[in-house]
Structures are given as C-alpha cells and as structure tokens.
Amino acid sequence: MSFPLLTATAVLPAAGAIVTAAVPAARRTAAKWLALLFSLATLVLAAIVLVRFEPGGDRYQLTESHSWIKDFGVRYELGVDGIGVVLIALTALLIPFIIMAGWNDADPLEDSNSRWRPTQGFFALILMVEAMVILSFEATDVFLFYILFEAMLIPMYFLIGGFGDRAHAGSDENAAAQRSYAAVKFLLYNLVGGLIMLAAVIGLYVVAGSFSLSEIAEARASGQLDMATNTERLLFLGFFFAFAIKAPLWPLHTWLPNAMGEATAPVAVLITAVVDKVGTFAMLRFCLQLFPEASKWATPVIVVLALVSIVYGALLAVGQRDIKRLVAYASISHFGFIVLGIFAMTSQGQSGATLYMVNHGISTAALMLVAGFLISRRGSRLIADYGGVQKVAPVLAGTFLIGGLATLSLPGLAPFVSEFLVLVGTFARYPVAGIIATSGIVLAALYTLVLYQRTMTGPVKAEVRGMPDLKARELAVIAPLIALLLFLGVFPKPLTDIVNPAVEHTMSDVQQKDPRPEVEAAK
C-alpha cells in the first residue's frame, strides 16, 4: 500500500492543532513556534503533492479510497486534479504567514479589565481550519466534502467571535457585541446554505445511488444515470446556493464585511484568501461536473449575479471609511470575477478563474496583512485617522502600495494575468457581460488609489508621527508574498501548465467548446 500522501497533508495540521492546544497556558511562545513548525511541515508535504502531480496524467491523482459508512455507500475518497492541487499549495503557503502575522494577536491584554485571550487556542484553531480546507480540496466523495464544508464553520466561528480586532472604536462591551454579531451572522448564513446543500446531497444519493464522483461520472458515461431535467436543476440549485454563500456572491455576501471587519487581520485573510475559495472551487468540481445541463441552464442568471457582485462590491469599496471593510468589499468584487470566469464556459475563463483564486489569495493576504500592521500601530481602522505615513514609515507604505496595485490588477503583477483571462473568456461568449465587467477595473483603480492617497500621502498627522516602520518579522511575512506577486505576474506558466488540463476536463463535462472568433472576410 502506497503512502497516503493526501491524508498526511491534512492530518499533519490537525495533529498540530491538538499538540498546540495541549501546551500549558504559561508556554505561549512554545505554542506559537509549534504551530509555525507544523504549518511549515504541511507546506513541505503540499510541495511534494505539487511535484508528484502530473498535469498530463489522470484527472484525479494520488487517489485514496476506503469504505467508511458502508450501509449508506459513503467512502473516504481523496484525489487531486490540477485545480485542487494549486489551491492546496495556496492554503499551505498562506498559513505560515498568517501565523507569523498574528504572532501577538492572541496574547493577554495588558488591561486588567479585559478578559484573557487563550493564545494556544488561537493558533490551534487556525491549524484546524487549514486541515479541513485542504481535505475539502482533496475529497472526491460528496458526503465527505459536505461534512468538511460544514465542520470548518466551527473553528472559524470561534476565531471571529473570540479573537476580534483590538482596533475597535468604542468600549470593550461594544467591541465584544460587534464580534459576536459578526460571528453569529457568519455561522447562520453558512449553516442555512449547508442545510439546503444537505437536502441536495441526499437527493443526489437517491437519484445516483452513490456519493462518489468517479462512480457518478462512470454511470453518466455508460448511460446508467439519466437525471430528469427538473431534478437536476433542483439539485444544482441546492449545491450552488451553499457555494454562493461561501464564495460569497451577491446578494448572499453581507456576512463577509462584518466578519472581516471584526476579525483580526490574519483571520480576515484566512476567511477570504483560504476558506472562501472552497465555495468557488466547489462550483467547478461539483456543480459543473455533477449537473452539467443544469449549469448551462442557470448560466445567464449566474453571469448577471457575478456582474452585480463586480460592480456593487467595487462601488461600496469606493465609499468605505474603514480600511478592512474596504478590502472586504473589494474581495466581493473579485469573487464576482471568479464566478464570471467559471460560468463563461470557456477554457480561458475557467483557467483565469482558477488563477484568480490563487492570485487573489496572495494579493489580498499582502494588502490585508500590511493593513493589519498599520492598524496595530495607530489603533484605528478608520481611513480618516491616517495621513503622511509614507514619510515616517516608507517601507510599510511601499508594501501597502504594491499590495494595492496587485488588488487593482496592475500589469506585471499576478492578478492581472488571471483577470485578463477571465475577461477574454467572457468577451468570447458574452461580449456585453465582458464590457460591464471591465468597469470593475476602473473602480478598482479608484478605491485603491484613493485609499493610498488618504492614508499614506499628504501632511503627517500628529498621531502617526512616531509610527515605526515594518520590523523583521513583519518583513518576513510580506516580502515573500510580494516576490510571488511579481514572479507570477511575469511568468504564470508553472500554474497554467497545471490548471489547463483540469479545465479541459471540466469543459468536457459540460460539453462546451470555445467559441470560434468571428472574422469578417476581407472585401
């Protein structure tokens, strides 16, 4: 029996969570280093998975399959395709930076009136989320995926509600109430989506007699499985609704600004750069593969929803006064681009959407973590409380600018390639939608440059005059992310080589081919 590499990649951070949580209360520093070491070891295993994956090989590789709940046909089945393997690599890459950025975020507060913050629990919860997200990218059994999809809500709930942002205007009681509201809203939205998805999962089993993606695909290919049109559409809507909440897609997005605003900056990155990717990934793996006809049927409406997300999220970002909520609304706009690329039903669009998941994760991590370092120095999230920071902390301002430019998809930085592919793929099939989506680029430039101008330029405000620049630990967090943005911006081929074969399989599932360019004959 070969070594279960995929299982090990998920079990290692889960084991790290247990070990970190068991560290005695007085050994906070030891708990931090243990969490960091386990996350780095997970990154090594993820790198091995990436190296062993053969882009031109079988659709699902490094597979594992074991009987789990035999009476209900549930199996412990794992496998990775080109889309899943790059998202596993993204998750494993970001977690060490999240841990380093949040090094002091859960330490006890100096104010004796404030409750003690359990440091060990903070880092253990981050590792547990990592384990569940990685396993969800590997799961090829629908029921197993559903369990992971729901289980990751529990540690995220405690990370949002129990370890909120310290830079909160108002009293400690008001801050705690806002955190609790954000955490409960996050949980309720996602639980409602999960319950509807559970009904669809049960319905799928009744129709297909299996939870296994491979078995369902074989039954479709052999003609043994022929879903009624209405049944397929209802099942598709059940899955898509849950994924649209997780993504999030307008109008199911309202939990995200609250959650990101009240969470610490590292946890905000965990939400939007890691956990939310499960929603868009699942659209590709489950919606399109299990319900191809229904996916095509729903495409016009989903394209409209994606366009609304792009424009609506960007417009609200322009008007924000809170730095973290601005990044949250910008992410809603970016997720609109991802969903648009998926349902453009072109190879360029779906390749761009997958790259966008990776590049958005890196760029949002860079921008939000630098914003977190900035907020921790001033103690405020309000844009109006800053000014002239580039004169007193030039390195902080410079990294903030690069993160912002990546967010607006500046050519030469990684998100540009993915956004360009999404737009090209959309224009090929839906020219009007492509034109509307392009307005999101203009709005992104507006909210990013206005944010930088108001916080970093102009006269130096008295409150920021003594602000220190980035320290060694903070530079160690930001510098690799910026290097990746630059590298993937000029040389995305390592990612496209892995992603493109998986996209071809998805296009085959929905029986779609790229539209041929219409060129008028020369007169």
Residue among Val303, Thr426, Val304, Leu307 satisfying side-chain contact (heavy atoms from CB on, under 4.5 Å) with Ile436: Leu307
Derivation of the side-chain contact (heavy atoms from CB on, under 4.5 Å) call for Asp105 and Val267: CA-CA 10 Å; Asp105 284 356; Val267 173; over 6 Å; no
Aromatic ring proximity Tyr312/His253, centre distance under 6.0 Å: yes
Ring centroid separation Phe211 to Phe145 under 6.0 Å: no
Tyr189 versus Thr254, side-chain donor and acceptor atoms under 3.5 Å: yes
Between Thr280 and Tyr356, a side-chain donor and acceptor under 3.5 Å: no
Heavy atoms from other residues, nucleotides or ligands near CZ of Phe420 exceed 12 (cutoff 6.0 Å): no
Parallel, tilted or perpendicular, as decided by the 30° and 60° cut-offs, for the rings of His334 and His360: perpendicular
Ring geometry between Phe291 and Phe239 (parallel below 30°, tilted from 30 to 60°, perpendicular above 60°): tilted
Are the side chain of [X] and the backbone N or O of [Y] linked by a donor-acceptor pair below 3.5 Å?
X	Y	value
Arg429	Thr346	no
Asp141	Arg75	yes
Arg473	Met100	yes
Glu232	Glu293	yes

Minimal non-hydrogen separation, Ala365 against Val269, with atom names: CB-CG1, 3.7 Å
Partner of Glu262 by salt bridge (charged side-chain N to carboxylate O under 4.0 Å, His left out), out of Arg381, Arg179, Arg325: Arg381
Distance in Å, Gln61 CD paired with Leu5 CG, rounded so as to fall on 0.5 Å steps: 12.0 Å
